Each structure stands twice: as C-alpha cells, then as structure tokens.
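Worksheet: the structure to be examined is printed underneath.
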Amino acid sequence: MLHEDSNFPAHLAEQAGAPIQERETLPGAEPLERESRRAPLSAAQARAPYAEAIAGFGDSNPHSLMVPGHGNDPENGAQHLAELFGPRLVELDVPLMLEGIDLGDDSPLAEALELAAEAWGAKRTWFLTNGASQANRTAAIAARGLGERVLIQRSMHSSFTDGVLLSGLIPAFVSPNVDTEHGIAHGLTPEALEEALVREAEAGRSVSSVYVVSPSYFGSTADVAGLARVAHANGAALIVDGAWGAHFGFHPDLPESPVRLGADLVVSSTHKLAASLTQSAMLHLGHGPFAERFEPLVARAFSMTSSTSASGVLMGSLDAARRALVAGEDRIGAAVAAGREIRERVRLEPRYSVISDDFGNVPDIVETDLLRVPIDVSKTGQSGHWVRGQMRWQHGIYLEMSTATSVVAVIGALREIDVDRFMAALTAVADAAAAEEATEHSAFPELPAAGELRKLPRDAYFGASEVVPAAEAIGRISADTLAAYPPGIPNLLPGELVTAETVAFLTAVAASPTGYVRGAVDERVSGIRVVVE
C-alpha cells in the first residue's frame, strides 16, 4: 500500500485490472476499450537511489585519484568543463565500480533498475548510455539466441539493421502502411502480421522473433496487444521499437506502456519525450512466454554493446526521469492539454490542418500520441522544410522534423510550453509564405517492392564490394543499406537484389529538392555499392 503522503498519481496506484480513464478517441475510430495492467507501485518510487548516490558522491568533496581524469574537481582539473557546463556536472561525473553507488546486487544502481522495471511494467530493465541505437543492436543480438529468422517491419531503424548484420540473423520483411502524400510510415495490423508469419511458415521458414515499430515518428500507435497475441500464437517473440513512446503508461490520456500490452522486449528512447539526458535510453524485458529464455540472452548481448565506462551522469538522468514521470501526472496532463490546444487552434487556421485527425481512418492505428502534433502545411504554398526553417530562423522555434508537406512539433512529457508564442509564429510564417512564390510539390514515385534476398545480409555487408554506376547495379546484390526519405523505409538492404524499379525510385527521390537517400555513396545516388561476385 502506498504511503498517504506519497506523490504518486492515483491512476498509477490502482489495482491491476481497474479501468483506465477514457482517452480522446481518434476521429473516425471506435472508442478504445482497455483495462489497466498496472499493479500497485511501491512507495520506493518516490526515491531516485542512483541519482541520490551520485549526488552524495559529489557532495563529499572527494580527492579522486581515479578516472575520469578531471578528478571531479571543478576548480582543479576540470575548470574548462565547469566553465562550459557548470561545476555540478563535473562533481556528478562519477567513476564506476564504487561501493555504495553501483557495486553489488543491492547497490543504488541495482535498486534504480528495479524501480524502472516496476514503473514501466517490465520484468527487468537495463539502463543504456548509447541511446536506443544500443538497445536495437542489443535486441537483435539477443534475438539470434531464439532462432536464426526474424520478421521485421520494413520501416525499422538502421541500428536494428546493424544488429542483424552483427548477429547473422536471417531477415524477412513485412511492409507497414504508408501515407504517400505526407511521407509517413505508420505500422502493422495484427492481420498483416499474421499473414506474413503464415507466409513464412508455409515456405518452411520458421520465424523466432518479430520486430515492429510503435509509435511512429508522427505519433501513430499500433495495436501492440494484438501484435503480441499473433506473434506468440505463431511461436515468435515480439520486439517493439517503442523509442518514441518512453512516456507511454504514465498518464491516462496517453497510450499504455508496450511492456504491459504483452511485448517481450521494448526499446525505449527515454531522452526523447521522457526528459532524461540525450543519449540515455532503456531496454525493457516483458513478463511474457519468452522472458526466461530472453533474459540471459539480453544480459549477454547488453554486455557486448555497453561501454565499460558508462556515464554516471546519463544513468543518473534516467533514474531522475523515472521518478519525475511517476510523480508527474499533473505536469504530463498539462503537456497533453497543450497538445490538444495546439490541435484545436491549428484547426481554426485555414492554411494548416492536423494530420493526425485522419488517423482514425487508418486500420493499423489504434491511438495517437497527443504529445506529437503533425501539421499539414501544403496550403501555405511552401514545403514543410521551408516552414520549419522559418520557424527556427525568424521565430526561434525548433520543430522536430519536416517533410515536403508537413512539420511535426514534439512536446516533452514534463514540459510547459508557450502555446501562444508557437501559434503566433505559425501564423506569421503562413503570412510570409503568402508573399513568396508558391513551390509545386511533386509526389514521389510509388514505393518499389523489395528485391529478393540473395545472400545473408552479414555476408553481403562484410564481403568484397565495389561501387558501380547505378544503372549497372541492376541485377547485382547490394552491399549497403539505402533508405529514401520520405518515408524512410529501407529500399535496399545488404544481400538484396538491386532492381530497376528500386534504382528509378532512389534516383528520383535524390533528385527531388525535398528528398534524400540515407546510406548512398553520393547525394545523387549516381553509384551503388554491390557485392563482388
């Protein structure tokens, strides 16, 4: 039972099985009925044991003859850092392997990890200091221990591709739903996943793990519970790249934590919206049918991808962010209210519209993250890139991303923002756009089908390769990963056959003023790296 004077939000202290408050229903969608999977949180959530331990170290006036070389002394050894960052950062940049901080099964670090697991509903959590990219590589390496075949949502992050290359996994792919107008890759329906798994099974390719992305960059959230049921029914573990949803599960108006919805492993980029420091992240292990097999695999993979000099400052920020989220229902609610207000005011501005208003018509989307506001700028006559640039250079407002037709505003879960300033700038930019000559937006060609996988990605990537003119690459095997933005779905992976359709698509995107191809040997995709055969 929680102490009466604790700061825990009431909804996080409910018994498991109590209903969550009704969320805003997506336009065109049926109300989402879901029951809470939250168990009562312990009173210890009011503490941040690791953050408190490194603060105690900083307060102790240590005379350090250890690494780091600045000696934790802002006046003698770290003056240059103290001038740039302030003295406190230097004092908290603790060395590793200290009793009372991170050594032992009952250390403050171990306690902080247990509290994080409890807060997100996980069986076990790992703190990461190399971002969600480290989590993705760890997940891929661990997944190889379950079996050699993985089914991947084609819009996966490149760091998971890195993990596939490192681990020697054999991938198969399932394409997400794509909004071609705005260059948005959404997610998968459970039906699409079932169809893909059946296809692989009928071909004699038994899939051991599934990798999906939810939420998307634009805040669209898939039916993770349904995806987990389908994966498990087909004997596969579900890995969720929930990098953009680290704040999920901490307020009744936000989607649920994917771990509580049945995911077996969840990538959580805590710094993105959950307010830890940049490059800090978490990896959560679920309680599902693969937990016992997965746990040692993840632990071993983590030891391969983590630094032996992990930053205490970054890990301390993770501990502090967890405590702030657990106690932050009012602050999160204010951020959600700001997201709603921006939407309401954008709807009144005829030169803009809210893209997520149409998410209810998309079958793979069951909820939207109200802290992501995707705005269609097409009616201004200028591209999203132009609008984003004007917001920055003329008004000092930085937006997360842009496409040819859109911009996306991101609101941190614990932030209080100036909605009036944002809307005034958005209106001023629309006025400025009217004085400019309109730019014509030409739609990109239709996404090409992926080429046949002719070699293991690992073998193609590490084997002998050469760069040939793009036209001569047709019929050869790619040695690189190339992804056209938008929508950011990999069009070529190591080991895949280069097709004429793929080359035409990549070169068309590269020639567009609002597109580029990540991983290309040059910005025009005049050449492609292929396997020497």
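The shown structure was predicted, so the numbers you read here are calculated from the model rather than taken from an experiment. Computed from heavy atoms alone, side chains included, the values below leave out hydrogens, waters and symmetry copies.
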Please collect all ring-ring contact (aromatic ring centres under 6.0 Å, His included) contacts where either partner lies in residues 143-174, sequence neighbours excluded, each pair once.
Phe160-Tyr211
Is Glu52 reaching over with its side chain to a backbone N or O of Ala48, donor-acceptor style, under 3.5 angstrom?
yes
Please list all pairs passing the side chain to side chain donor-acceptor pair (under 3.5 Å) test where one or both residues lie in residues 280-289, with sequence neighbours left out.
Thr125-His284, Ser276-Ser280
Give the C-alpha distance, both sets of side-chain angles, the deciding distance and a yes or no for side chain to side chain contact (heavy atoms under 4.5 Å, CB included) between Val174 and Leu188.
CA-CA 8 Å; Val174 56; Leu188 300 178; 3.6 Å; yes
For Trp120 and Phe248: C-alpha separation, side-chain torsions, deciding distance, then whether ring pair (Phe, Tyr, Trp, His ring centres under 6.0 Å) applies.
CA-CA 8 Å; Trp120 272 272; Phe248 285 7; over 10 Å; no
Determine whether Ser158 and Thr161 satisfy the following criterion, side chain to side chain donor-acceptor pair (under 3.5 Å), listing intermediate values before the conclusion.
CA-CA 5 Å; Ser158 60; Thr161 309; over 6 Å; no
Flag, side chain of Arg476 to backbone of Val531, donor-acceptor distance under 3.5 Å:
yes
For Glu400, enumerate each residue passing the side-chain hydrogen bond (donor to acceptor under 3.5 Å, both in side chains) test, keeping only those at least two apart in sequence or located in another chain.
Tyr217
Once you round to the nearest 0.5 Å, how far does CG of Leu283 lie from OG of Ser306?
11.5 Å
Side chain of Arg372, backbone of Ser216: donor and acceptor closer than 3.5 Å?
yes
Salt bridge (Lys or Arg N to Asp or Glu O under 4.0 Å) partners of Arg149, counting only residues at least two apart:
none
Nearest heavy-atom neighbours spanning Ala299 and Arg124:
CB-NH1, 4.0 Å
Beyond-backbone contact of Asp369 with Leu273, side-chain heavy atoms, under 4.5 angstrom
yes
Expected output: side-chain Asn72 to main-chain Asp93 donor-acceptor under 3.5 Å:
yes
Of all residues at least two apart in sequence or in a different chain, which pass the ring-ring contact (aromatic ring centres under 6.0 Å, His included) check with Tyr516?
Tyr485
With the side chain counted from C-beta on, respond yes when Thr368 and Ser220 share a heavy-atom pair under 4.5 Å apart, and no when they do not.
no
Return the minimal non-hydrogen interatomic distance between Phe505 and Leu447, and the atom names on each side.
CZ-CD2, 3.5 Å
Atom NE2 of His182 and atom CD1 of Ile355: how far apart are they, to the nearest 0.5 Å?
4.0 Å
Looking at Ser356 and Phe359, would you say the former's side chain and the latter's main chain have a donor-acceptor pair under 3.5 Å?
no
Compare every heavy atom of Ala479 with every heavy atom of Pro494, then report the nearest pair and how far apart it is.
CG-O, 3.7 Å
Polar side-chain atom of Asn234 near backbone of Val230 as donor-acceptor pair, under 3.5 Å:
yes
Restricting to ring-ring contact (aromatic ring centres under 6.0 Å, His included), what partner residues turn up for His70, sequence neighbours left out?
none
Stepwise side chain to side chain contact (heavy atoms under 4.5 Å, CB included) check, Ile141 with Thr305:
CA-CA 9 Å; Ile141 294 169; Thr305 61; 4.0 Å; yes
Tell me whether the count of non-hydrogen atoms from other residues, nucleotides or ligands lying under 6.0 Å of CD in Glu466 goes above 12.
yes
Minimum heavy-atom separation for Leu193 and Leu227, please, with both atom names.
CD2-O, 3.6 Å
Side-chain donor-acceptor pairs under 3.5 Å in residues 201-210, sequence neighbours left out?
from: Arg205; atom 1: NE; to: Glu200; atom 2: OE1; distance (Å): 2.7
from: Arg205; atom 1: NH2; to: Glu200; atom 2: OE2; distance (Å): 3.3
from: Ser208; atom 1: OG; to: Leu146; atom 2: O; distance (Å): 3.4

Is it true that a side-chain atom of Asp364 and a backbone atom of Ala222 form a donor plus acceptor pair closer than 3.5 Å?
no
Please tell me if the side chains of Ile477 and Val530 come closer than 4.5 Å, counting only heavy atoms from C-beta onward.
no
What are the two closest non-hydrogen atoms of Ser214 and Val224, and how far apart are they?
OG-CG2, 4.0 Å
Evaluate the side-chain proximity of His247 to Ile332: yes if any heavy-atom separation is below 4.5 Å, no if none is.
no
Is Arg323 close to Leu115 at the side-chain level, that is, under 4.5 Å between some pair of heavy atoms?
no
Interatomic distance, CZ@Phe302 vs CG@Leu297, rounded to 0.5 Å, equals 15.0 Å
A quick test of your reading: do over 12 heavy atoms of other residues, nucleotides or ligands sit less than 6.0 Å from CD of Glu99?
no
Got a second to check how far Ile170's CD1 is from Lys455's NZ, nearest 0.5 Å?
13.0 Å
Just checking Phe127: does its CZ atom have more than 12 heavy atoms from other residues, nucleotides or ligands closer to it than 6.0 angstrom?
yes
Which residue pairs pass the salt bridge (charged side-chain N to carboxylate O under 4.0 Å, His left out) test with at least one member in residues 110-122, sequence neighbours excluded?
Arg47-Glu111
For Arg300, salt bridge (Lys or Arg N to Asp or Glu O under 4.0 Å) partners two or more places apart:
none
Taking side chain to side chain donor-acceptor pair (under 3.5 Å) as the cut-off, I'd like each qualifying pair that reaches into residues 487-497, sequence neighbours left out, listed once.
Arg154-Glu496
Of all pairs that satisfy side chain to side chain donor-acceptor pair (under 3.5 Å), the ones with a partner from residues 307-319, not counting sequence neighbours
Asp319-Arg322
Verify, without hydrogens or angle tests, whether Asp264 (side chain) and Leu238 (backbone) share a donor-acceptor contact under 3.5 angstrom.
yes
N/O donor-acceptor pair under 3.5 Å between Thr502 side chain and Val498 backbone
no
Using the test side-chain hydrogen bond (donor to acceptor under 3.5 Å, both in side chains), find all partners of Arg458 that sit at least two apart in sequence or belong to another chain.
none
Under 4.5 Å between any side-chain heavy atoms of Val298 and Thr138, yes or no?
yes
Is the gap between the ring centers of His186 and Phe218 under 6.0 Å?
no
Using a strict threshold of under 4.0 Å (side-chain N to carboxylate O), is an ion pair present between Arg199 and Glu194?
no
Under 4.5 Å between any side-chain heavy atoms of Met156 and Asp241, yes or no?
no
Evaluate the criterion side chain to side chain contact (heavy atoms under 4.5 Å, CB included) for residue pair Ile184 and Val178; output intermediate values, then yes/no.
CA-CA 6 Å; Ile184 302 174; Val178 176; over 6 Å; no
Atom of Ala275, atom of Leu414 and distance for their closest heavy-atom approach:
CB-CD1, 3.8 Å
When you look at Phe57 and Ile101, which way does the side chain to side chain contact (heavy atoms under 4.5 Å, CB included) test go after all the steps?
CA-CA 9 Å; Phe57 174 87; Ile101 297 180; 4.0 Å; yes
Validation row: Gln279, Gln134 side chains within 4.5 angstrom (heavy atoms)
no
For atom CE of Met66, decide whether the heavy atoms of other residues, nucleotides or ligands shown that lie under 6.0 angstrom number more than 12.
yes
